[in-house]
Amino acid sequence: MSFSGMVKEELSGQIGTGLHCRIAETAALLSACGKITAEGTLRFQTENESVLRKYFTLLQKTFNIKTEISVRENNHLKKGTVYFIELSDSEQVQAVLQSTKLKRDGENGETLSFCNALVTQQSCCKRAFIRGAFLASGSISDPRKSYHFEVVCQDEKKAKQLQEIIRSFQVDAKIVLRKKSYVVYVKEGAQIVDMLAVMEANVALMDLENIRILKEMRNSVNRKVNCETANINKTVNAAVKQMEDIKLIQRTIGFESLNEGLAQIAELRLQYPESTLKELGLMLVPQVGKSGVNHRLRKLSEIADGLRENKEELL
């Protein structure tokens, strides 16, 4: 099962204790997956069993409505099974619509729109609404690969309503138009953790946090290894250059043309090519610190560069 599927499976088993919260979650589910047919039937349609179970349970516990589930094969692109729950009793339909404050919308008046902020006035109801919206049309990418949370909305109005509710929890949700749908999304890992906390998907939250910790540890180790590798390469390249410079001086003008300090460090570097600057400094008489050794080696490098320039001029 995908990470997104595991989150939905967890959320499908959560039934709010408060009537107002259950109504808010039902409103979100119907706003995304509900339709009113020409005959006045309230139809809920989904391809996800977890979402179906949640809506079926909410109908029973919130409205005391017991109904049948219809199953049909989805012939469009052979995408599998589609589940339906239909309410044809006009009194039951009105009871659900009035409680959820949903109204007919769309060209044919078939779709349902959330139209009253009273349903999500309390913080717990906002959480329930977001939970329902995610169950109905949301997804989360596998956090081992990337961080992406989204809910697909049928129109811009629904997207902005959901965005406003999400932002009330200090999560910076954004909206993007994708084909004919509006997508409310969150990209940052820490904010996706916040979204799971808002929806009260605590098991998924812990799984995501564990993955984030492992990823951050790997990234930290990789950064340190890359930094150390770069430093080693830099040190090796510098040592090779020093050896080339010293050998050039030895071949051309000889160490006897250098002052005592430069001659000493040149001979030591040739004798101990793998020693650190600190180790070379301790071998000198009198001893010299790292900066002193580095200064002498730089001076040797300047002399070697000068010899190279003179050779080029003669040629």
Side-chain angles (χ1 to χ4, degrees), residues 1 4-37 39-74 80-105 110-138 151 154 158 161-162 165 196 198-204:
M1 185 182 290
S4 191
M6 287 189 292
V7 175
K8 290 192 176 186
E9 187 68 26
E10 180 181 355
L11 294 179
S12 68
Q14 292 187 16
I15 305 298
T17 55
L19 177 64
H20 41 82
C21 294
R22 295 200 297 269
I23 288 174
E25 192 164 359
T26 305
L29 287 167
L30 282 171
S31 179
C33 300
K35 283 187 177 182
I36 297 288
T37 67
E39 295 78 23
T41 298
L42 177 59
R43 176 182 293 162
F44 180 85
Q45 175 181 331
T46 181
E47 296 175 7
N48 189 302
E49 287 187 48
S50 300
V51 179
L52 179 82
R53 285 200 308 272
K54 188 61 174 287
Y55 178 67
F56 184 83
T57 305
L58 286 170
L59 280 182
Q60 285 187 325
K61 291 187 176 294
T62 309
F63 303 99
N64 197 27
I65 294 174
K66 296 182 180 180
T67 185
E68 296 295 325
I69 296 172
S70 301
V71 181
R72 300 175 193 170
E73 291 298 319
N74 188 352
T81 306
V82 181
Y83 303 96
F84 295 88
I85 293 180
E86 295 183 341
L87 298 182
S88 54
D89 185 290
S90 60
E91 290 185 5
Q92 291 180 340
V93 172
Q94 285 305 309
V96 173
L97 295 182
Q98 286 176 8
S99 296
T100 55
K101 309 300 181 191
L102 293 170
K103 66 175 183 179
R104 289 182 176 221
D105 203 353
E110 288 187 348
T111 59
L112 296 168
S113 289
F114 177 65
C115 62
N116 197 320
L118 285 173
V119 175
T120 55
Q121 192 171 23
Q122 299 182 62
S123 177
C124 57
C125 296
K126 287 184 172 71
R127 291 175 184 273
F129 188 89
I130 295 170
R131 187 163 57 240
F134 174 77
L135 273 168
S137 55
V151 177
Q154 296 165 350
K158 289 181 179 180
Q161 285 175 336
L162 179 60
I165 294 172
L196 292 174
V198 166
M199 296 189 298
E200 298 175 318
N202 299 321
V203 175

With a 4.5 Å limit on heavy-atom distance, are the side chains of [X] and [Y] in contact?
| X | Y | value |
| --- | --- | --- |
| Ile23 | Thr62 | yes |
| Leu87 | Leu59 | yes |
| Thr46 | Tyr55 | no |
| Leu30 | Leu42 | yes |
| Lys54 | Thr57 | no |

Write down the atom of [X], the atom of [Y], and the distance for their closest heavy-atom approach.
| X | Y | answer |
| --- | --- | --- |
| Tyr83 | Leu52 | CB-CD1, 3.6 Å |
| Phe44 | Cys33 | CE1-CB, 3.4 Å |
| Val82 | Glu47 | CG2-CG, 4.1 Å |
| Leu162 | Ala133 | CD1-CB, 4.0 Å |
| Glu86 | Thr67 | O-OG1, 3.3 Å |
| Leu29 | Gly132 | CD2-O, 3.5 Å |

- Task: Under the side chain to side chain contact (heavy atoms under 4.5 Å, CB included) rule, what do Thr41 and Lys35 come out as? Steps first, then yes or no, please.
- Result: CA-CA 8 Å; Thr41 298; Lys35 283 187 177 182; over 6 Å; no
I'd like to know if the side chain of [X] reaches the main chain of [Y], judged simply by a donor and an acceptor atom lying under 3.5 Å from each other, with no hydrogens or angles considered.
| X | Y | result |
| --- | --- | --- |
| Lys8 | Glu49 | no |
| Lys158 | Ser31 | yes |
| Arg22 | Thr17 | yes |
| Lys126 | Ala24 | no |

Euclidean distance, [Y] [atom2] relative to [X] [atom1], rounded to 0.5 Å:
| X | Y | atom1 | atom2 | result |
| --- | --- | --- | --- | --- |
| Glu25 | Cys125 | CD | SG | 10.5 Å |
| Leu135 | Leu11 | CG | CG | 5.0 Å |
| Glu200 | Glu10 | CD | CD | 10.0 Å |
| Arg131 | Cys21 | CZ | SG | 7.5 Å |
| Leu102 | Leu97 | CG | CG | 6.0 Å |
| Ser113 | Gln154 | OG | CD | 8.0 Å |

- Message: Any carboxylate oxygen within less than 4.0 angstrom of a Lys/Arg side-chain nitrogen, looking at Glu9 and Arg53?
- Response: yes
